[in-house]
There are 2 protein chains.
Amino acid sequence: MRRAVTIKDVAAEAGVSLQTVSRVINDGPNVRAEVKARVNAAIAKLGYTPSLAARRMGGSRSYLLLALNDRDRTIEGWTSGEGTDWVDQMLMGGMLECARRGYRMIFELVDTHSSHVEREVAGALAALNPDGVILTPPHSDNPLITDLLERRGLPFARIGSQTPGAGFAIAMDDAEAARVAARRLIDLGHRRIGFITGSDEYALSAARLDGYADALKAHGLFDPALVTPGDFSFQSGEAGMTALLALAQPPTAVVASNDQMALAALRVANGRGLSIPQDLSIISFDDTPIVRFSHPPLTAIRQPVAAMTAQAANLLMRAKAGETDLPMGRLVPFSLIERASTGPAPA
Amino acid sequence: MRRAVTIKDVAAEAGVSLQTVSRVINDGPNVRAEVKARVNAAIAKLGYTPSLAARRMGGSRSYLLLALNDRDRTIEGWTSGEGTDWVDQMLMGGMLECARRGYRMIFELVDTHSSHVEREVAGALAALNPDGVILTPPHSDNPLITDLLERRGLPFARIGSQTPGAGFAIAMDDAEAARVAARRLIDLGHRRIGFITGSDEYALSAARLDGYADALKAHGLFDPALVTPGDFSFQSGEAGMTALLALAQPPTAVVASNDQMALAALRVANGRGLSIPQDLSIISFDDTPIVRFSHPPLTAIRQPVAAMTAQAANLLMRAKAGETDLPMGRLVPFSLIERASTGPAPA
DNA sequence: GTGAAAGCGCTAACAC
DNA sequence: GTGTTAGCGCTTTCAC
C-alpha cells in the first residue's frame with residue numbers, strides 16, 4: 001500500500017521546484033512552455049491528481065460547491081416513490097458542469113422550517129468550506145439563509161428565484177410559462193380555464209399565477225372563482241379540482257402548478273366520468289418523468305432544472321475564480337411539451 | 001467577513017489545549033467529564049464545526065465516502081426522462097446514513113467500458129481520499145476496479161453483488177426474488193411462464209434467471225424456449241416479448257428482469273390486443289416509480305436500493321473506525337409488491 | 001520565470 | 001488525564 005503521489009514527487013520527477021508544479025496545475029503565469037511540458041509529462045507519468053483537501057488547506061479554494069435542498073420535501077419525494085426528478089436533474093446539470101473544472105458538488109438537505117436553519121447551514125459551511133452554494137426553492141428566498149451567505153461573502157445562486165438581491169438568480173420565466181400555457185388553451189377555444197396554485201412558500205407560485213391571470217385578462221376571461229389554492233401535494237390537487245368542478249360554470253381546461261396536482265386533477269376528472277382531453281384539458285408544470293406515463297400523458301411546461309443548475313454552478317465557479325462582470329440573473333428557456341391531455345374546447 | 005472559528009478558538013474559550021478539544025470531538029479517551037463539558041459548552045457557544053479538509057490533512061480519515069455509478073447508464077436515465085430512481089434511493093440511503101456519523105457521500109460517474117477506468121477511479125481517489133468506496137452494478141463486479149481498491153487497502157462495498165471476494169457484498173437475494181415471482185405465477189395457475197433476462201454484464205442477471213428456472217423446474221414447467229435475452233433496455237424488452245408471443249405455445253405470464261423491459265412487454269402485449277392481466281400476467285424487477293403509473297400498474301419485486309446503500313455506508317464507516325468482525329456480506333430483504341398486472345391464468 | 005519559506009486546521013505520537 | 005511537537009499536501013507571499 002504505497003504512499004499516494006504528491007506534488008513533491010512530480011517536482012522531483014520533472015526536476016523543478018514544487019512551486020512550479022503548482023503553477024502548472026493552476027494554469028498560472030510565469031512558466032516557460034518547455035518547463036510546463038516537462039511538468040505535464042511528469043504528471044501524466046506518475047498519474048498525479050492534486051488532493052482537494054490539501055488545496056483547500058493551502059489556498060483559498062475548496063473546489064467544492066454545496067447544493068442545498070429542502071429536507072422534508074426531498075425525503076417525502078424519495079419515500080413516496082413518486083420520483084424526485086428534481087434531484088436527478090440537479091445532479092446531472094451540476095455535477096457534470098462541476099467536473100469540467102475539477103469541482104465536486106455536494107448535495108445536502110436542510111430543514112427550512114426549523115428554527116436552527118442558520119446553525120445547520122453554518123455547520124455545513126464550516127465543515128466543507130464550499131466555494132459557492134446553490135440554493136433551491138424554497139431556500140432560494142429564505143432570508144435566514146441568503147443573509148447568512150451574504151454576510152460571509154460567499155458566492156451563491158438562487159435557483160427558481162427572480163427576486164433581485166445578493167446572489168445569482170437563476171430561473172425560468174415562470175410567469176411567461178404560465179402565460180404560454182394559458183394562451184395555448186385559449187387558442188384551443190377554451191373560455192373557462194381553471195388554475196391550481198402552488199404553495200405560498202414558493203415565490204414562483206405567485207409568478208405562475210400572475211402569468212395565467214395576465215393571459216386570461218388579455219382576453220377578458222379572468223374570473224377569480226377559477227383560481228383555487230394548492231400546495232403542490234396530490235391531495236391539494238384533488239381538493240382543488242373538486243372545487244373547480246363544483247362551480248356553477250366549471251372550467252373546460254385546467255393549469256396545475258405542478259405535476260402531482262395535475263395528476264390529481266386527472267384522477268378526479270376521471271372519477272367524475274370526464275374524458276381527457278375531450279371534456280377537460282390539463283396542462284401541468286415541471287414535466288417530471290411520471291407525467292409521461294399517465295393516461296393520457298400530460299401536456300406540460302418543462303422546467304429546465306439541469307440547465308439552471310449547470311448555469312448556477314458555472315457562475316459560482318467563475319465568480320470564485322475572480323471573474324467579474326458576471327450577470328446577476330439568468331432566465332433559462334422553458335418549453336411547452338404537448339402531449340395528449342390537451343385538445344379543443346368541448347362544443 | 002470574520003475568520004472561521006477553529007479548534008484553537010475553542011481551546012482558548014474553554015481554557016484547555018488544542019489537543020483536548022480534538023479528543024472531545026473525536027470521543028477520545030482520557031478527558032475528565034468536567035473538562036469535556038466545558039469544551040462542549042465552548043463548542044456550542046462558538047458554533048464550532050471541524051473542517052473536513054483539515055481533519056483529512058492531519059488525520060487518517062477524510063469523512064468522505066465515494067459512490068461510483070456507471071456513467072452511460074446513469075446519464076441515459078437522466079436524459080431520457082424515464083426516471084432513475086436508483087440514484088435517488090442511493091442518495092437517500094447513503095447520505096442519511098453518512099450524516100449520522102458526520103460523513104458525506106460524494107457521487108461520481110465512471111465509464112465501465114472505458115480503457116482508462118482505472119485512471120478515472122484512481123484520479124477520484126487521489127482527489128478525494130475517501131474513507132470508503134461504494135460500487136454499484138456493473139462496477140461491483142469489475143475486477144479492474146475491485147482489484148485497484150483491494151491493492152490500496154481501501155474499504156469498499158459491492159452493491160448488488162453476491163460474489164465472494166474483497167469488499168463488502170451487499171445485495172438482495174436476486175435468485176430468491178425471481179423464485180418468489182415465478183412461484184406466485186405458478187400459484188395463480190400459470191403453466192407457461194416466460195422470462196426476459198437482464199444484461200450479461202450484470203452478475204445479478206444470471207441470479208435472477210437461476211431463481212426463475214429453479215421455480216419452474218420444481219414444477220416440471222421449465223422450457224428453455226421461454227427464456228429470451230434482454231439487456232435492460234426498453235427495446236430489448238419489446239424484442240423479447242415479441243419473440244415470446246411468437247412461440248407455438250406462448251406464455252400466459254412473463255417475468256421481466258427490470259421495469260423498462262416489463263413496460264415494453266406490456267406495450268407489446270397491448271399492441272397485440274392482449275388484456276393485462278386477463279390474457280397475460282407480468283411481474284417486473286426493481287419497482288421504480290414509473291411502474292406505478294402504467295396501465296395497469298405493475299406487480300413488481302422491489303429492490304431495496306436505499307437500504308443496501310445505507311448498509312454499505314454503515315459498514316464502510318465502521319470498518320474505517322477500526323471495527324472488526326464485520327460481516328463481509330449482507331442480504332437485504334426484498335418484497336413482492338402485488339399490483340394489477342398479475343392474475344389467474346386464462347382458462 | 002523560478003525557488004524558498006510560512007502556514008492553513010487539524011490529528012498522531014509522544015512526553016509529562 | 002493533559003499538553004507539546006511535528007507534519008499532512010498544498011497555495012500564498014515574497015525573494016531572487
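Chain identifiers are assigned alphabetically (A, B, ...) following the order of the sequence lines, protein sequences preceding nucleic acid strands; residue numbering begins at 1 within each chain.
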With a 4.0 Å cut-off on heavy atoms, is A:Gly59 in touch with a base, just the backbone sugar-phosphate, or nothing at all? sugar-phosphate
Please check if any side-chain donor atom of B:Asp9 sits under 3.5 Å from a side-chain acceptor atom of B:Tyr48, or the reverse. no
Between CG of B:Asn30 and C1' of C:dA12 the distance, given in whole Å, is 14 Å
Taking only the side-chain nitrogens and oxygens of B:Arg61, find out if one of them lies under 4.0 Å from OP1 or OP2 of C:dT11. no
What is the distance, to the nearest angstrom, from the CG atom on B:Leu18 to the C1' atom on C:dA12? 13 Å
Is the shortest side-chain heavy-atom distance between B:Asn129 and B:Leu64 below 4.5 Å? no
Think B:Arg55 forms a cation-pi with B:Tyr63, using NZ or CZ under 6.0 Å from the six-ring centre and within 45 degrees of its axis? yes
Quick check on DNA chain D: between B:Gly58 and B:Val16, whose nearest nucleotide comes earlier from the 5' end? B:Val16
Please report the distance, rounded to the nearest Å, between CG in B:Asn26 and P in C:dC10. 11 Å
Give one of base, sugar-phosphate or nothing for A:Ile25, where a contact means two heavy atoms less than 4.0 Å apart. nothing
Report yes if some heavy atom in the side chain of B:Arg73 is under 4.5 Å from a heavy atom in the side chain of B:Glu201; otherwise report no. yes
Return the value, rounded to whole Å, for the distance between atom CD of B:Gln19 and atom C1' of C:dC16. 14 Å
When the nearest nucleotide of DNA chain D is assigned to B:Arg56 and to B:Ala33 on a heavy-atom basis, which residue is associated with the more 5' position? B:Ala33
So, do A:Ile145 and A:Leu135 sit near enough that their side-chain heavy atoms are less than 4.5 Å apart? yes
Establish, from distance only, whether the side-chain atoms of A:Thr112 and A:Asn142 form a donor-acceptor pair under 3.5 Å. no
Is there a side-chain contact between A:Leu125 and A:Leu66, using heavy atoms and a 4.5 Å cut-off? yes
B:Leu96 vs A:Ile75 side-chain heavy atoms within contact, under 4.5 Å: yes
Interatomic distance where CD1 belongs to A:Ile7 and C1' belongs to C:dG3 [whole Å]: 13 Å
What integer distance in Å separates A:Asp27:CG from C:dG1:C1'? 16 Å
How long is the line joining CE of B:Met57 and C1' of C:dA6, in whole Å? 14 Å
Verify the contact: side-chain N or O of B:Ser60 to OP1 or OP2 of C:dA12, cut-off strictly under 4.0 Å; return yes or no. yes
Along DNA chain C (nearest heavy atom to each residue), the more 5'-positioned of B:Tyr63 and B:Arg23: B:Tyr63
Reading DNA chain D in the 5' to 3' direction, which nucleotide is the first one with an atom under 4.0 Å from a heavy atom of chain B, and which is the last? D:dG1 to D:dG9
A:Glu323 side chain reached by A:Leu315 side chain, heavy atoms, under 4.5 Å: no
Under a 4.0 Å heavy-atom cutoff, the residues of residues 48-55 of chain A touching DNA chain C are none
